[in-house]
Amino acid sequence: MVDFYIKSLKDNVDKKVVLKGWASNIRSGKGIYFVLMRDGTGFCQVVVSQDAVSSEAFAAIASLTQESAFWVEGTVVKDEKQIGGYEVQATDAGVIHIAEEYPISNKEHGVTFLSNNRHLWLRSRKQWAIMSIRNEIIMAIHGFFQKEGFVQMDAPIFTGNVVEGTTTLFETDFFGHSAYLSQSGQLYAEAIAMAMGKVYTFGPTFRAEKSDTPRHLSEFWMIEPEMAFYDLEDDMQVIEAFIKYVVRQVIENCPQQLEILERDVDRLKNVFQPFPRVTHADAAKILRGELEVNGKNALKVQEEDLAQAKSDLERVLNEIAEREEKIKTSSKGERRFHEGKILQLRKEAEVLTEKTRNIPKWIESARNFSDDNDFGNSDETVLTRVFDAPVMVYNWPAKIKSFYMKEVEGNPDLVKGVDLLAPDGYGEIIGGSERENDLNVLLRKIKEHNLPMEAFEWYLDLRRFGSIPHAGFGLGLERVVRWVCGLDHMRETIPFPRRYGRLFP
RNA sequence: UCCUCCUUAGCUCAGCCGGUUAGAGCAUCUGACUGUUAAUCAGAGGGUCGUAGGUUCAAGUCCUACAGGGGGAGCCA
């Protein structure tokens, strides 16, 4: 077992400790080794000087390869230059296992290669930071709901019915009957809320759509609170307090992880502002450029972004050309430096080229947005670009939302749904609503949506025995992780992503 | 399903108008260096250029098909 972990170094300066872990990176000079050790709780440089340890211990360290396991005894020293701020100066060390040649080097790799090596990729620093923030978010979710008096309950994973009626589900065999893997625990959460008051479910969710995008997984984790006697307004208040709480916990408890991810924490802190609320109808106007937000016109902002991307691209291409010219007359060391820069600049140029190709399409899509549509991915990006904080869009056209959402009084074409859109194009992270509590309206809606009435008999009972106003929402864990960490793709937000075209490892 | 880009060493990528023996960095191995931060420096090994056809005196380079992948759209949360 292990008596001491890297995360506790800060409380043990100048003391002698024994660490066990893996060699993440190894550098050496004459008579000295610098081994970056990781032990799951953090990273720490171990310094092994020839005259501070026995010859056996020094030989052990000299034999380490990347990802070899070893132990070290040494003194904790504060050193601001180090990752985590501390290093250990070894007095003794030994090998636990010498690793074979490790496939993931300290250089950059492509996503396909890394995905195929996900079981090893998880060991790298960036992935460690993401996974530990994921853990913090999970704990913060439980922390928020528990302190607010919610009861955590589990919805079933095997289900016989289709909640939304629209999505494609994974079908499986349940003792000779066809069953589906749950796409949402919401209907069950409603039943539980009628028993327990304020509740939340936290479980895996499955969607079988062939969506090959950075925003989709086939298997993901969803948190679904449901509150008895809450209306849409109350729902929105919970959403806002909840997101603020979760982000605050991450900022307070994971500064090192956010630094590793190079996340712009000031941008993240925009969540502490009040969340703007717009109706779907106003959002449509904003998209079409008919309504400005704080003097900002969504279409003009996109045009400015486009112009910016174009000039950035030109600058990057010029710099590449300049450096290529310099290489011809450079010494070897300089050439290597320029080549490294050029590689980086080429990637930047690729991203910018993509942007200049996409933004005109986004502007076109936003300009032509029609009132009764759901937002496309680009529409969410265009809309959130004019806000700093997450945006709540409410009062949606009934025909694009699920049957269980409550109609707006006096306007049956609208329902009391709310989506929370994260800033900077990270998209929808929460979808919620006040639920329809009128039995007759619900019966009509189920028919209109062509859903099998018999599957919903138990659900309709909730409207027969003490029907009350109630509301709730669903939060996609991985989408929140992606946004908080500032990641390009959902595949890095979960240890072993399951998505269209990816079942391995 | 559609649009678009890509596939060259274990990894990341150069390879211009088709022309001699296919290049670099990392990783690996050998050596140098007492404070490195993707350490650096000197050297070595490492290739059926995704697959199958075609054009040509000549194909990594041009054409066609197929396979695999990235980005975008759609479907969707």
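Every chain is numbered from 1 and lettered A, B, ... according to where its sequence line falls, protein lines coming before strand lines.
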Mind checking if [X] touches a base, just sugar-phosphate, or nothing, with heavy atoms under 4.0 Å?
X	result
A/Gly431	nothing
A/Glu380	nothing
A/Glu87	base
A/Thr353	nothing
A/Asp374	nothing
A/Thr65	nothing
A/Val351	nothing

Sort out the partner of [N] for me: Watson-Crick or G-U wobble, both distances under 3.5 Å, none otherwise.
N	value
B/C17	none
B/G31	B/C41
B/G68	B/C6
B/A22	none

In terms of relative ring orientation, are A/Phe504 and A/His119 parallel, tilted or perpendicular, with 30° and 60° separating the classes?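 Perpendicular: the ring planes of A/Phe504 and A/His119 meet at over 60°.
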Give me the ring orientation class for A/Phe145 and A/Phe473: parallel if the planes are under 30° apart, tilted from 30 to 60°, perpendicular past 60°.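 Correct class here is tilted.
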Which nucleotide, [options], lies nearest any side-chain atom of [X]?
X	options	answer
A/Ile32	B/G72, B/U37, B/U34	B/U34
A/Thr112	B/G70, B/G72, B/C75	B/G70
A/Glu101	B/U36, B/U28, B/G71	B/U28
A/His109	B/U12, B/U36, B/A77	B/U12
A/Lys347	B/A77, B/G72, B/C13	B/C13
A/Arg479	B/A77, B/A73, B/U34	B/A77
A/Ser105	B/C26, B/U36, B/C11	B/C26

Whole-Å distance between [N] [atom2] and [X] [atom1]?
X	N	atom1	atom2	answer
A/Ile359	B/A73	CD1	C1'	16 Å
A/Glu350	B/C13	CD	P	8 Å
A/Ile104	B/U28	CD1	P	14 Å

For B/G70 and A/Arg491 - does any side-chain N or O of the residue sit under 4.0 Å from the phosphate oxygens OP1/OP2?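 A/Arg491 to B/G70 OP1/OP2: side-chain N or O found under 4.0 Å.
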